[in-house]
Amino acid sequence: MLSLEKELEIVEAWKRDPIVRHYSFSDKKLWKKQEEVLWAVRNHKRIAVKSCNSAGKTFVAADVVLDWLLTNPESIVVTTAPTFHQVETILWREIRSACFSSKIPIRAKPNLTELKFTDDWYAIGISTDNPVNFQGKHSPNLLVLVDEA
């Protein structure tokens, strides 16, 4: 068991470097463009990732969700895709896989489209053709991730 001081030191290292955070949780190798995506989310308010099929965009999107949650306590991540089927069976399958295969246990267990630490600290997957359904999510650390845009 780690001391609180050591845990805080580790979390600070994760906050400084998303690549360090990734390899703390996973042995899956990131390629250069995936690393750039992790840094871009940290350094820019809005980003878009243009790529070909099977390049690992959804894998890194799942990693972005975990990175945001684990380095921003009391944060909210809203994920979406064109259809709920895509949200649940593509993006959230990748998020669940990352959680369940993590080298460090993640204290919250994901369900099909939600990973919840507390009522004010969670990620959720939704898809809708009604913009009103996106309303009501408020946090100083809000991330909206659109997969398959």
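Values in this document were obtained by computation on a predicted structure and should not be read as measured data.
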Subject >> S24: side chain to side chain contact (heavy atoms under 4.5 Å, CB included) partners, not counting sequence neighbours >> reply: W14, V20, I104
Original post:
Who passes side chain to side chain contact (heavy atoms under 4.5 Å, CB included) against E9, sequence neighbours left out?
Top reply: K6
Looking at [Y], is its backbone amide N or carbonyl O close enough to the side chain of [X] to form a donor-acceptor pair, meaning the two atoms are under 3.5 Å apart?
X	Y	value
Q34	W31	yes
T79	L145	no
R96	L112	yes

Those residues that, when tested against [X], pass salt bridge (Lys or Arg N to Asp or Glu O under 4.0 Å) (two or more places apart):
X	value
E5	none
R46	none
K116	D119

Subject >> Reported CD1-to-OG1 distance for the pair I126 and T113, which is rounded to 0.5 angstrom >> reply: 9.5 Å
For residues 69-77, please give each side-chain donor-acceptor pair under 3.5 Å, one per line with the distance, not counting sequence neighbours.
unit_1 : atom_1 : unit_2 : atom_2 : d
T71    : OG1    : D67    : O      : 2.6
N72    : ND2    : W68    : O      : 3.0
S75    : OG     : N72    : O      : 2.5

Subject >> Test item: F100 and I106 side chains (from C-beta on) under 4.5 Å apart, heavy atoms >> reply: no
**OP:** Quick one: do Q86 and D147 satisfy side chain to side chain contact (heavy atoms under 4.5 Å, CB included)? Show the steps, please.
**Re:** CA-CA 8 Å; Q86 289 171 300; D147 195 25; over 6 Å; no
